[in-house]
There are 2 protein chains.
Amino acid sequence: MTDRSLFGHIFVTGQSLLIIMPKETFHNLPEEKKSQFINTALEEFAGNNFDTASITRIVKNLGIAKGSVYQYFEDKLDLWLYLKEYCEGVKMSYVRSVSRRDYDSFWSYYRAMFRHGINFDLEQPRCSLFLYRVGFKESSRQVREYLDSWKKKANEAFMPWIEHEKKTGAFDPSVSTETIAHFLVTMSISIAELLQSRYKVDFDENIREGKPLFAADEEALMQAVDELIYLFEKSLK
Amino acid sequence: MTDRSLFGHIFVTGQSLLIIMPKETFHNLPEEKKSQFINTALEEFAGNNFDTASITRIVKNLGIAKGSVYQYFEDKLDLWLYLKEYCEGVKMSYVRSVSRRDYDSFWSYYRAMFRHGINFDLEQPRCSLFLYRVGFKESSRQVREYLDSWKKKANEAFMPWIEHEKKTGAFDPSVSTETIAHFLVTMSISIAELLQSRYKVDFDENIREGKPLFAADEEALMQAVDELIYLFEKSLK
DNA sequence: CACGATTGTGACCGACCGGTCACTTTTTGG
DNA sequence: CCAAAAAGTGACCGGTCGGTCACAATCGTG
C-alpha cells in the first residue's frame, strides 16, 4: 500500500490566527538554514506518524546536533505544531485566491478550488503529504487534541454556501444541509484517492525522491475530477 | 479527535483461503485462554498502530510472561497477521449471508449489506475497530505489503454488479464502471463517518470500556443511511 | 510414580527513543 | 581585541521496545 492522498484540506478556511511560534533561536536562523530544517523535518513527519517520526533521524539527516532542535523548539510536539501551522499557511496561500464571487455556478467554483488544490500538491508535495497524514492517518494520543478540527471546519464552511445554493435552486432543498456538506467534503477527499488508484501514484516514493506527488499531467487529472463532479451535480440537483 | 469508523470492510468478499496459522502451541491452548489472548491482543492493536502497539503491554494485561507470546507466534507481525485474518473471518460471517439474489433492486441489497455491517460493529466492536485501523490508519512499513488489498478487492467485487445494473437500466451507462465503483465504495465508508459525527461517538472510549461502538439505536442509524442512499440513487440513475 | 516432552517464565539483550546539560564555538558590540 | 552573550554540540540519561534463552513448572504416558 502506498500512502493515499490529500486534497481534503483544500476547503479548510478558518485557520487559527494565533501562530504557534518556535523559540526566537529558530526565528533568528538564516533563511537558508531555516528552510533546510523545515524541509528535512517535514520529510520525516510526512513519512511517519507522530510517534514513529524520529528527531534523531532528522538531526542525522541535517548533520546537526540533537541539542540544536531543543534550542529551536520546546519539544517534539512544539515542532510538530509548528510544521502543521506552517503547512496550513502554505496551503492557504494557494486556496485563498479562489472566491465564490468570481464564478457564476457553484460547480465551476468547486472545480476551480480543485485545480488550485492540485497545484498545491504538485508544487508542495511534502506539505501536502504531511497535512494528509495529519488529517487522515495520525492517531497518536499526544496530538489527538490538535487533529480533526479541519474536517468539522470544512463542513461548517460549506453550510452557508449550501443554504444559498438551495435558494437559487441549484441544490435539492429536501436533503438536509448537513448531509450535503458531508457528501461534498467526503467526495472532495475521495477524488484524490480515485486519482491515486487510477494513476498508480506512490506518494511515499515520490516524497523520498523529491518528485511532485503526481506524475500524470494536470489535464488528465481534471478530466477524472470532471467525471465525478458530474455525479455530484446529478445527485444534489 | 476520536478514531473514525469502519464499515469500509462490509463489502470485502475475496478473502484469502490460506489461513496464516500461529504455531501449534497457540492452537492447542484451551478455548478460554485462547479467546482471552485474542481479546486482549485485539484491544491493543485496535487502539494502536502496528509500530505503537506493545507486546509488553499485552502480556502485562494478560498476566503472562512475554516468552509465551513467542511460543504462540513467530513475531509481532505474525500475531498481527493472525488477528487480521481472524477479524476478517468474523466479519465475513456477518456479510456472507446477504445475497444479491434475495433483493430485487440494487439499492435494497445495498441497504441490507449495510444493516449487517452495523450489526458487526455493534457486536464485534474490537474486530471492527481493528479492521478499520488496518484499512485506514495503518502506515507502518512493516505491514505495508499486507494493507490496502481490500479496497481494491471491494472495487473489483462491485464491478460485475455495476455492469449488470447498467444493463437493467438502474445505473447511468455513460459513467465509467470504475468511477461508479469508486463512488460506491467511498460512500460506504463515509456513511460511517457521517453517523459518527452526527451521533458524536467516541470509538476509542467505547473500546476501552467494552461498549458497542454505537450508542444510538439502529433505526436512527438506518435513517441516516437512507438519506445518503437517496443521494446515490439520484446520482447514478 | 517417574521421566521425557511440552509449555510457561522473566531476567536480560541490543537498539532506539525523546530529552538534558556541561561544555565548546561563534557572534556581538563596546 | 576581548569579554560577555548566544548558539551549537554530543555524550549521556532513563525509559520502552521486540525478541531470546536458560531454566522451572506442568503434562502425558508407560
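Within every chain, numbering begins at 1; the chains are lettered A, B, ... in the order of the sequence lines, protein sequences first and strands thereafter. Here the structure is a predicted model, which means the values were calculated and not measured.
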What does S68(B) touch in the nucleic acid at a heavy-atom separation under 4.0 angstrom: a base, only the sugar-phosphate, or nothing? base

Need one value for K66(A): base, sugar-phosphate or nothing, where a base atom within 4.0 Å counts as base even if backbone is also close, heavy atoms only. base

Nearest of [options] to any side-chain atom of [X]?
X	options	result
Y70(B)	dT20(C), dG18(D), dT9(C)	dG18(D)
D75(B)	dT7(C), dC17(C), dG19(D)	dG19(D)
N28(A)	dA7(D), dT9(C), dC17(C)	dA7(D)
T56(B)	dG18(D), dT7(C), dC17(C)	dG18(D)
Y72(B)	dG18(D), dT9(C), dG8(C)	dG8(C)
L29(B)	dT9(D), dG8(C), dA7(D)	dG8(C)

OP1 or OP2 of dC17(D) under 4.0 Å from side-chain N/O of R57(B): yes

Any side-chain N or O of S54(B) under 4.0 Å from OP1/OP2 of dT16(D)? no

Salt bridge or not between R57(A) and E44(A)? Use side-chain N to carboxylate O under 4.0 Å. yes

Whether E88(B) and K84(B) form a salt bridge (side-chain N of Lys/Arg under 4.0 Å from carboxylate O of Asp/Glu) is what I want to check. yes

Measure [atom1]/[X] against [atom2]/[N] and give the value in whole Å, please.
X	N	atom1	atom2	value
K60(B)	dC17(D)	NZ	P	7 Å
W80(B)	dG18(D)	CH2	P	15 Å
K76(B)	dG18(D)	NZ	P	4 Å
E74(A)	dG19(C)	CD	P	10 Å
F50(A)	dC17(C)	CZ	P	14 Å
I58(B)	dC17(D)	CD1	P	11 Å
F73(B)	dT20(D)	CZ	C1'	18 Å
N48(A)	dC16(C)	CG	C1'	14 Å

Between R133(B) and S139(A), do the side chains contain a donor N or O and an acceptor N or O under 3.5 Å apart? yes

Any side-chain donor paired with an acceptor under 3.5 Å for N61(A) and T40(A)? no

Should the pair F37(B) and Y72(B) be assigned to parallel (<30°), tilted (30 to 60°) or perpendicular (>60°) ring geometry? perpendicular

Taking the nucleotide of DNA chain C with the nearest heavy atom to each, does T52(A) or A65(B) sit closer to the 5' end? A65(B)

